[in-house]
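We count ligands from 1, going down the list as the structure has it; atoms in each ligand are counted the same way. Keep in mind that what you see is a predicted model, and the values were worked out from it rather than measured.
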Amino acid sequence: MKASKSTPALHILEGALFVADAHYPHHGRDFLDLLQKLENGEITPPQLFLMGDNFDLLFGCNQLIQTYNSEAIALLQGLSQRLEIYCFEGNHDFLLKDIFPNINVFSRGQQPVIFAIGSKRVGLAHGDKFQLGWRYELYTKVVRSCMTIKLLRPLERWIIADQLRRLKAKDICRTIEHFEQRTVEILQHYDSGIDLVIEGHYHQAKKFGKYISLPSLACQKAVGVVRAEGIDFVPLEAL
Ligand SMILES: [Mn+2]
């Protein structure tokens with residue numbers, strides 16, 4: 001699917017904060033700390049972009065999984081009353097619209113979404129949409145369905161505990177070989193009028209031409225901050 005050429009309606013503001021792939025709580029508590037700093041006014045961005053997989057496992061249509069993330073969920077729900085928040089669902093956190101009624105949530109199917117930074121057209125997505133093959137497509141459609149999740153409810157304790165154990169042990173911070181070549185292929189899914197593509201998912205914290213792979217909060221301990229119609233990678237301690 002190519003990103004549409006329609007005029008962008010949504011603007012990304014100077015100072016907007018991009019947070020991706022925190023994989024909370026299994027790979028550090030930085031996401032929770034960051035939400036607390038937003039809550040107490042230590043950090044005051046004009047907008048917050050959650051680019052996916054900030055929760056290591058969270059989905060709607062189920063109560064049990066929310067109990068593992070209740071602190072961060074409550075903070076986000078509170079923040080969303082007074083801060084403009086956009087959330088791009090990832091492959092670890094999805095079906096989030098009901099959990100966060102005041103956040104602008106974009107499902108995988110709605111991504112990429114075209115925003116504007118000044119005069120630039122910017123495509124935003126979590127990053128798990130392109131270059132993955134039919135098996136992943138099928139898996140993702142089955143798993144990200146409220147009906148599937150409700151049907152599996154009798155097994156929820158076993159499935160969730162097993163998933164959490166597996167995710168906790170996962171090595172998520174790896175440098176991808178030949179990543180630049182992959183970004184060329186990803187960019188082919190966007191129309192040529194796009195000036196910039198910002199994605200998470202790959203945890204690379206690298207820029208190749210129009211393509212920006214955001215830092216992972218878990219791996220690089222950094223976020224993206226919009227400055228001068230571009231995006232800078234800023235270490236957490238420098239925020
Ligand atoms: Mn991901």
Side-chain angles (χ1 to χ4, degrees), residues 1 3 17-28 30-32 34 48-60 65 68-69 72-73 76 85-97 99-100 103 105-113 123-145 148-149 160 163-179 182-183 185-187 189-190 197-208 211-224 231 233:
M1 188 194 82
L17 186 63
F18 280 69
V19 183
D21 300 278
H23 290 268
Y24 172 81
H26 294 142
H27 300 273
D30 294 313
F31 186 54
L32 192 69
L34 190 63
L48 173 64
F49 287 80
L50 302 171
M51 297 305 292
D53 291 357
N54 283 309
F55 292 94
D56 209 23
L57 190 61
L58 180 63
F59 42 83
I65 191 62
Y68 291 89
N69 299 290
I73 290 172
L76 271 173
I85 306 180
Y86 297 93
C87 175
F88 291 74
E89 293 188 344
N91 45 314
H92 291 246
D93 45 3
F94 46 86
L95 297 172
L96 302 178
K97 288 185 169 99
I99 305 177
F100 302 117
I103 292 181
V105 176
F106 301 110
S107 68
R108 182 175 184 269
Q110 294 170 304
Q111 301 174 28
V113 185
L124 300 184
H126 171 59
D128 67 325
K129 184 134 182 180
F130 307 124
Q131 305 299 314
L132 291 148
W134 68 270
R135 279 188 193 85
Y136 185 83
E137 285 299 322
L138 180 66
Y139 162 80
T140 203
K141 292 225 162 62
V142 172
V143 160
R144 288 182 223 203
S145 130
T148 306
I149 289 171
I160 287 172
Q163 281 293 312
L164 292 176
R165 197 163 37 240
R166 200 178 59 79
L167 290 170
K168 217 180 276 188
K170 212 169 157 189
D171 171 19
I172 62 167
C173 303
R174 286 179 297 129
T175 303
I176 299 172
E177 299 286 327
H178 312 297
F179 185 64
R182 198 181 298 192
T183 69
E185 288 156 17
I186 293 168
L187 284 174
H189 291 270
Y190 287 86
V197 168
I198 302 174
E199 295 187 342
H201 186 58
Y202 292 108
H203 306 178
Q204 298 301 295
K206 281 182 185 145
K207 301 178 184 178
F208 294 110
Y211 188 86
I212 294 174
S213 174
L214 287 167
S216 148
L217 196 66
C219 300
Q220 287 88 15
K221 312 246 174 253
V223 294
I231 190 159
F233 300 160

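- For Y136, the OH atom counts as densely surrounded, since its 6.0 Å shell holds more than 12 non-hydrogen atoms of other residues, nucleotides or ligands.
- Around atom CZ of R166, more than 12 heavy atoms belonging to other residues, nucleotides or ligands sit under 6.0 Å away.
- Classification of the H201-H126 ring pair by plane angle, with boundaries at 30° and 60°, yields perpendicular.
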- Item | From CA spacing to verdict: side chain to side chain donor-acceptor pair (under 3.5 Å), H92, H26 | CA-CA 12 Å; H92 291 246; H26 294 142; over 6 Å; no

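- Salt bridge D128/R144: present, at least one basic N to carboxylate O contact under 4.0 Å.
- Excluding waters, the protein N/O/S atoms found under 2.8 Å from the Mn ion (ligand 1) are D53 OD2, N91 OD1, H126 NE2, H201 ND1.
- Relative ring orientation between F208 and F179 is described as tilted, the plane-to-plane angle lying within the 30° to 60° band.
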